[in-house]
Number of protein chains: 2
Amino acid sequence: MKRKPSTEATAAWIRLMRIQSRVLGAVEQDLKKAGFPPLAWYDALLELSRAPGGELRPVELEKQMLIPQYSTSRLIDRLVEEGLAARRECKMDKRGLFVEITEAGRDLQKRMWSAYSTAIERHVGSKLSDADAAKLCGLLDRLGCSCDQATPVPPSAVATR
Amino acid sequence: MKRKPSTEATAAWIRLMRIQSRVLGAVEQDLKKAGFPPLAWYDALLELSRAPGGELRPVELEKQMLIPQYSTSRLIDRLVEEGLAARRECKMDKRGLFVEITEAGRDLQKRMWSAYSTAIERHVGSKLSDADAAKLCGLLDRLGCSCDQATPVPPSAVATR
DNA sequence: GACTAATCCATGCAGGCGCATTTAATCAAG
DNA sequence: CTTGATTAAATGCGCCTGCATGGATTAGTC
């Protein structure tokens with residue numbers, strides 16, 4: 001049998017889609033205007049910078065960022081191309097490799113976080129009290145069924161889409 | 001001066017991005033598995049079907065759906081190509097045109113809503129009480145600064161991204 | 001009416017995504 | 001050690017998006 005959603009559920013769905021799109025757009029615009037690359041780059045650089053030794057297997061990166069395999073592969077391409085990361089041989093498993101963040105990568109990550117955090121404050125923080133932000137988190141988490149990760153700050157935020 | 005976001009605000013931002021992505025992905029998967037086209041098509045067909053005479057100027061569609069101009073232009077291309085809509089001459093303003101939904105278009109919209117509503121129930125409705133869904137709406141709306149439209153059901157939901 | 005500005009829509013191009021497949025290496029059995 | 005299944009990563013293809021631009025028409029001003 002087919003249950004139909006309540007109007008409340010439908011309204012929540014609409015808001016979730018629309019508001020996310022707006023807020024994401026606004027934040028990405030801010031970053032772009034400041035001359036920075038897309039948020040996905042930030043996420044990847046953050047994960048790498050956090051990893052012990054500043055290096056990670058693509059598979060790990062993929063799991064952290066919750067993006068498909070081919071997507072990480074290409075993201076790494078771009079990071080390497082810009083000198084923000086480097087591919088390194090993986091001796092214990094020659095199918096794979098390590099991706100290591102460079103100094104330029106670490107530097108960019110830090111500079112981006114400065115602009116990024118400002119944008120978050122502008123488009124989210126300033127519109128919600130801490131208590132309300134926490135409530136919002138709680139409600140959203142319930143939609144995430146498998147709410148695995150409690151990501152710490154600064155955020156590996158965007159599933160980039 | 002640069003204000004930094006609270007950890008609550010940052011956490012809310014992360015959830016907003018991650019959960020939206022997951023829920024959207026889940027709903028789109030359901031639709032795709034049922035053999036339907038992307039959600040954006042549904043939104044367009046819904047707007048058209050609602051419009052008086054079943055026709056709309058691209059400009060109107062653009063405003064309703066909150067997507068960029070070129071995006072509507074190409075979306076219309078695809079709808080026309082599939083026989084779901086037709087371009088018609090606009091006599092009062094020869095720069096423009098009308099897009100009119102076809103019978104096939106109306107039919108598809110109805111069939112999609114059936115699958116779509118089921119998916120919304122599955123991925124949103126079933127996880128939140130009506131009261132909580134309403135709370136979520138309220139909180140999200142506050143992020144939308146210019147909370148212009150109170151969209152009615154069924155939803156013109158997705159800003160498709 | 002003539003000229004400039006603004007509006008409506010289409011489109012070429014570059015880049016990114018999703019899908020499916022390929023290549024290479026490891027693992028699991030016999 | 002050989003075979004077959006599995007996993008890691010890359011890549012070719014088609015579609016979609018964003019950006020910038022172009023062509024056509026209308027509106028505003030004098």
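Here the structure is a predicted model, which means the values were calculated and not measured. Residue numbers start from 1 in every chain, and the chains themselves are labelled A, B, ... in the order their sequence lines are given, proteins ahead of strands.
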The nucleotide from D:dA8, C:dC19, D:dT17 with an atom nearest the side chain of A:R74 is C:dC19
In whole angstroms, the gap separating P of D:dT11 from CD of A:Q69 amounts to 11 Å
B:L66 CG to D:dG18 P, in whole Å, measures 13 Å
**OP:** Report yes if the side chains of A:W113 and A:L46 come closer than 4.5 Å at any heavy-atom pair, otherwise no.
**Re:** no
Here the distance between atom C1' of C:dC17 and atom NZ of B:K32, to the nearest Å, is 10 Å
Comparing nearest nucleotides in DNA chain D, the 5'-proximal residue of the pair B:P38, A:R57 is A:R57
Q.
Can you classify the ring geometry of B:Y42 versus B:Y116 as parallel (below 30°), tilted (30 to 60°) or perpendicular (above 60°)?
A. perpendicular
Separation of C:dG16 atom P from A:L24 atom CG, nearest Å, is 15 Å
Below 4.0 Å: OP1/OP2 of D:dG18 and any side-chain N or O of B:Y70:
yes
So, with a heavy-atom separation below 4.0 Å from DNA chain C, the residues of residues 86-97 of chain A are A:D93, A:K94, A:R95
Notebook entry, point to check: Any ion pair linking B:D132 and B:K135 (charged N to carboxylate O, less than 4.0 Å)?
Noted result: yes
Check your understanding: Do B:T102 side-chain atoms and B:G83 backbone N/O form a donor-acceptor pair below 3.5 Å?
Key -> yes
Quiz item: Hey, is B:E81 close enough to B:R78 for a salt bridge, meaning N to O under 4.0 Å?
Solution: no
Taken to the nearest whole Å, CG/B:L56 to C1'/C:dC9 is 15 Å
Under the rule of Watson-Crick or G-U wobble with both distances under 3.5 Å, where | means paired to another strand and [ ] a crossing pair, DNA chain D maps to ||||||||||||||||||||||||||||||
- Quick one: is C:dA10 close enough that its OP1 or OP2 comes under 4.0 Å of any side-chain N or O from B:S73? yes
Here the distance between atom P of D:dC15 and atom CD of B:E81, to the nearest Å, is 9 Å
Here the distance between atom C1' of D:dA9 and atom CG of A:L75, to the nearest Å, is 14 Å
Original post:
Applying the 4.5 Å side-chain criterion to the ILVMFWY set and letting contacts propagate, would B:L39 and B:M65 be lumped into a single cluster?
Top reply: yes
B:W41 CH2 to D:dC16 C1', in whole Å, measures 12 Å
>> So, OP1 or OP2 of D:dC15: does either fall under 4.0 Å of a side-chain N or O from B:R78?
In response: no
Discussion item. Counting only heavy atoms not in B:R111 (residues, nucleotides, ligands), do more than 12 fall under 6.0 Å from its CZ?
Written reply: yes
**OP:** Take B:Q20 and A:L24, measure what side chain to side chain contact (heavy atoms under 4.5 Å, CB included) needs, and give me the verdict at the end.
**Re:** CA-CA 11 Å; B:Q20 186 270 354; A:L24 174 57; over 6 Å; no
- Query: When hydrophobic residues are tied together by side-chain contacts of less than 4.5 Å, even through go-betweens, does A:F36 share a cluster with A:L79?
  - Reply: yes
